[in-house]
Amino acid sequence: MIDPRLVRDDLEGVRAMLKKRNMESAVDLDGLRRIDEERRAVIAKTDDLREKRNRVSKEIGKLKSGGGDASALMAEMSGVNDGIKELEAEVERLDADFNELMLSLPNMLSDTVPEGRDESDNLEIRTWGEKPVFDFKPKPHYDLGTELGILDFERGVKLSGARFYVYRDLAAKLERAIINFMLDLHTTEHGYSETFAPFVVNDDSMIGTGQYPKFRDEYYRIERDGLSLIPTAEVPLTNLYRDEILDRERLPVYVTMQSACFRREAGSAGRDTRGLIRVHQFQKVELVKFVEPETSFDELEKLTANAEEVLKRLKLHYRVMLLCSADTSAASTKTYDLEVWMPGLDRYVEISSCSNFLDYQARRARIRYRRAKGEKPAFLHTLNGSGLAAGRTLAAVMENYQTSDGRIEVPEVLKPYIK
RNA sequence: GGAGAGAUGCCCGAGAGGCCGAAGGGGACGGUUUGCUAAACCGUUGUACCAAUACGGUACCGAGGGUUCGAAUCCCUCUCUCUCCGCCA
């Protein structure tokens with residue numbers, strides 16, 4: 001959620017943001033403004049009536065304890081309560097409308113985000129390494145894996161349906177190695193503290209990071225228990241400090257966690273139907289930061305570098321894309337995508353997404369910090385990035401490390417992890 | 001899943017219809033005293049919203065409803081925590 005004050009003080013700035021995101025019609029800003037004004041007026045009225053109730057009730061109490069007759073005052077109060085109840089109901093309704101609109105409003109965009117209409121306007125910031133040269137036609141990971149008997153899509157479908165898969169032997173071991181390698185790197189060299197948290201979370205958590213209420217269709221929800229399967233460890237990690245006030249000395253907080261991620265992929269029927277690229281369940285190592293506002297853009301650069309380091313050590317060629325305004329997710333103010341080269345697919349594939357959310361998530365989840373003793377709590381800034389998506393990393397390793405005789409070499413840094 | 005107990009401010013803990021945003025203690029912060037430390041004493045110490053002229057108003061004692069002129073306090077529902085039993089990796 002953005003600062004509600006912006007609606008009052010800089011509505012045009014908000015409008016410009018929506019326009020830049022290509023979402024001009026997504027939120028009725030003028031309606032939002034009206035609701036806010038009405039809401040505040042009704043709150044003021046309600047408070048006045050309550051003040052009267054409190055004041056008169058006190059007088060009644062005093063009168064009665066002095067043995068006096070309070071019936072006149074009590075008669076005066078008879079209508080007041082109904083009035084308060086009516087107004088309270090109105091405030092509740094207006095608050096609900098206001099919040100719904102506020103929650104559906106995307107984050108303000110950083111000035112550094114290029115304007116664009118779709119992903120083709122994303123900006124290549126830098127590349128690392130080079131496309132590997134093969135003296136044979138490299139296979140896509142799904143053919144290679146199926147032929148080797150280590151990726152079993154048919155049985156994945158039998159067990160669960162389309163976009164599910166089974167790993168056997170080297171695939172299972174490689175992915176486990178990849179995860180352990182990434183966790184070790186981030187915890188021993190990048191300063192993240194390893195965390196393990198639930199894969200199922202309540203609605204407050206999903207709202208806190210921005211998944212709900214807007215994008216309900218994208219996620220698996222267990223109706224019976226009111227819990228959702230996490231689409232990323234960002235959700236439990238960021239919500240770790242929901243409704244808390246941290247001391248400044250604790251910041252920055254860096255956490256990392258490996259988890260399964262569950263996505264319904266509702267809007268992507270027909271896209272990436274083969275292989276490990278787009279699946280309903282995958283593993284990922286997530287990086288999350290809680291930082292002081294002044295530092296969040298620097299922290300984004302460092303976070304992105306932490307994710308890049310994984311690809312460098314795996315010696316996988318990649319490029320860093322600065323997402324354009326239309327492609328930057330609603331909660332983010334600025335996002336870098338890491339795209340790894342997949343020689344079998346003959347294209348780059350997103351393998352990490354690193355974002356600065358400013359106080360957007362912190363507001364929704366009420367995560368604050370105290371600058372100094374005695375000072376008011378302030379919202380901190382949150383960031384996160386994949387470090388990396390394990391399934392796609394496995395696919396990238398398979399495609400980049402395949403040999404002419406159809407085998408897969410194990411990258412040097414993973415060897416200690418493969419027994 | 002069954003039975004019972006509980007949820008109050010940073011922490012402990014009182015409060016049992018009005019004078020309670022909440023006693024008391026601890027902690028933290030500021031001050032006095034002091035060669036330093038310690039001790040003692042005094043003071044301060046929640047969050048959000050409305051209005052912004054204010055030493056202004058409102059809400060919050062797990063959450064949501066109800067009773068009442070008035071609820072931390074009475075009633076109902078829910079959530080969570082703890083203990084015992086059952087089940088279980």
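Just so you know, these numbers use all the heavy atoms, side chains as well, and skip hydrogens, waters and symmetry mates. Order of the sequence lines fixes the chain letters, A, B, ..., with proteins taken first and strands second; residue numbering starts at 1 for each chain.
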Checklist entry - Does B:A59 have a Watson-Crick or wobble mate here (both distances under 3.5 Å), and if so which one? => result B:U47

Checklist entry - Roughly, in whole Å, what's the span from CG in A:Asp47 to P in B:C60? => result 11 Å

Item to check | B:G21 pairs with, by Watson-Crick or G-U criteria that keep both distances under 3.5 Å | outcome: none

Checklist entry - Expressed in angstrom and rounded to an integer, what is the separation of A:Lys376 atom NZ from B:C49 atom P? => result 9 Å

Checklist entry - If you measure from CG on A:Asp203 to OG on A:Ser228, what distance do you get to the nearest 0.5 Å? => result 5.5 Å

Item to check | A:Lys45 NZ to B:C49 C1', straight-line distance once rounded to whole Å | outcome: 18 Å

Checklist outcome for this item: In Watson-Crick or G-U wobble terms, with both distances under 3.5 Å, the base opposite B:A39 is none

Checklist entry - Do A:Ser110 side-chain atoms and A:Lys334 backbone N/O form a donor-acceptor pair below 3.5 Å? => result no

Checklist outcome for this item: Of B:C49, B:C69, B:G65, the nucleotide closest to the side chain of A:Glu92 is B:G65

Checklist outcome for this item: Considering only heavy side-chain atoms of A:Arg53, the closest of B:A59, B:G18, B:C50 is B:A59

Next on the checklist: Using a heavy-atom cut-off of 4.0 Å across all strands, would you classify A:Asn54 as base, sugar-phosphate, or nothing?
Outcome noted: sugar-phosphate

Item to check | First of A:Ala44 and A:Asn81 reached from the 5' end of RNA chain B, by closest nucleotide | outcome: A:Ala44

Item to check | Separation of B:G64 P from A:Glu88 CD (nearest whole Å) | outcome: 12 Å

Next on the checklist: On RNA chain B, compare the nucleotides closest to A:Arg368 and A:Lys52; which residue's is nearer the 5' end?
Outcome noted: A:Arg368

Checklist entry - Mind checking whether A:His186 and A:His190 have parallel, tilted or perpendicular rings, split at 30° and 60°? => result tilted

Checklist entry - Going by atom types only, do A:Glu301 and A:Thr304 share a side-chain donor-acceptor pair under 3.5 Å? => result no

Checklist entry - What interatomic distance, in whole Å, is found between C1' of B:G9 and the corresponding atom of B:G62? => result 14 Å

Next on the checklist: Pairing check on B:U67: which nucleotide meets the Watson-Crick or G-U wobble criteria with it, both distances under 3.5 Å?
Outcome noted: none

Checklist entry - Rounded to the nearest Å, what distance is computed from the NZ atom of residue A:Lys64 to the C1' atom of nucleotide B:G18? => result 10 Å

Checklist entry - When the C1' atoms of B:U68 and B:C76 are considered, how many whole Å apart are they? => result 16 Å

Checklist outcome for this item: If pairing means Watson-Crick or G-U wobble with both distances under 3.5 Å, then the partner of B:U34 is none

Item to check | Atom pair distance, as rounded to whole Å: CG in A:Asn202 and P in B:G62 | outcome: 20 Å

Next on the checklist: Rounding to an integer number of angstrom, what distance separates B:U81 and B:U73 when you compare their C1' atoms?
Outcome noted: 22 Å

Next on the checklist: Rounding to an integer number of Å, can you tell me how far A:Asp247 CG sits from B:U45 P?
Outcome noted: 19 Å

Checklist entry - Should A:Arg40 be listed as having a side-chain N or O under 4.0 Å from OP1 or OP2 of B:A51? => result yes

Item to check | B:G30 and B:C78, which share atom name C1', separated by this distance in whole Å | outcome: 45 Å

Checklist entry - In whole Å, what separates the C1' atom of B:C42 from that of B:U47? => result 28 Å

Item to check | Expected output: side-chain A:Asn384 to main-chain A:Ser355 donor-acceptor under 3.5 Å | outcome: no

Next on the checklist: Please tell me whether A:Ser259 and A:Lys284 have a donor and an acceptor in their side chains that are separated by less than 3.5 angstrom.
Outcome noted: no

Next on the checklist: Over all strands shown, is A:Met74 touching base, sugar-phosphate only, or nothing at heavy-atom distances under 4.0 angstrom?
Outcome noted: base

Checklist outcome for this item: A:Leu49 CG to B:C50 P, in whole Å, measures 18 Å

Item to check | Watson-Crick or G-U wobble mate for B:A5, both contacts under 3.5 Å | outcome: B:U81

Item to check | Base partner of B:A16, which must satisfy Watson-Crick or wobble distances under 3.5 Å | outcome: none

Item to check | Closest to side chain of A:Glu51, choosing from B:A48, B:U58, B:C50 | outcome: B:U58

Checklist entry - Contact class for A:Arg8 vs. all strands (heavy atom < 4.0 Å): base, sugar-phosphate, or nothing? => result sugar-phosphate

Next on the checklist: Less than 3.5 Å apart, any donor N or O on the side chain of A:Arg221 or A:Tyr219 sitting next to an acceptor on the other?
Outcome noted: no

Item to check | B:G6 and B:A14, which share atom name P, separated by this distance in whole Å | outcome: 12 Å

Item to check | Selected nucleotide, minimal atom distance to A:Ile43 side chain, candidates B:C50, B:C69, B:U58 | outcome: B:C50

Next on the checklist: Would you measure the distance from the P atom in B:C61 across to the matching atom in B:U53 and give it in whole Å?
Outcome noted: 31 Å

Checklist entry - Which value, in whole Å, describes the distance between the P atoms of nucleotides B:G66 and B:C11? => result 30 Å

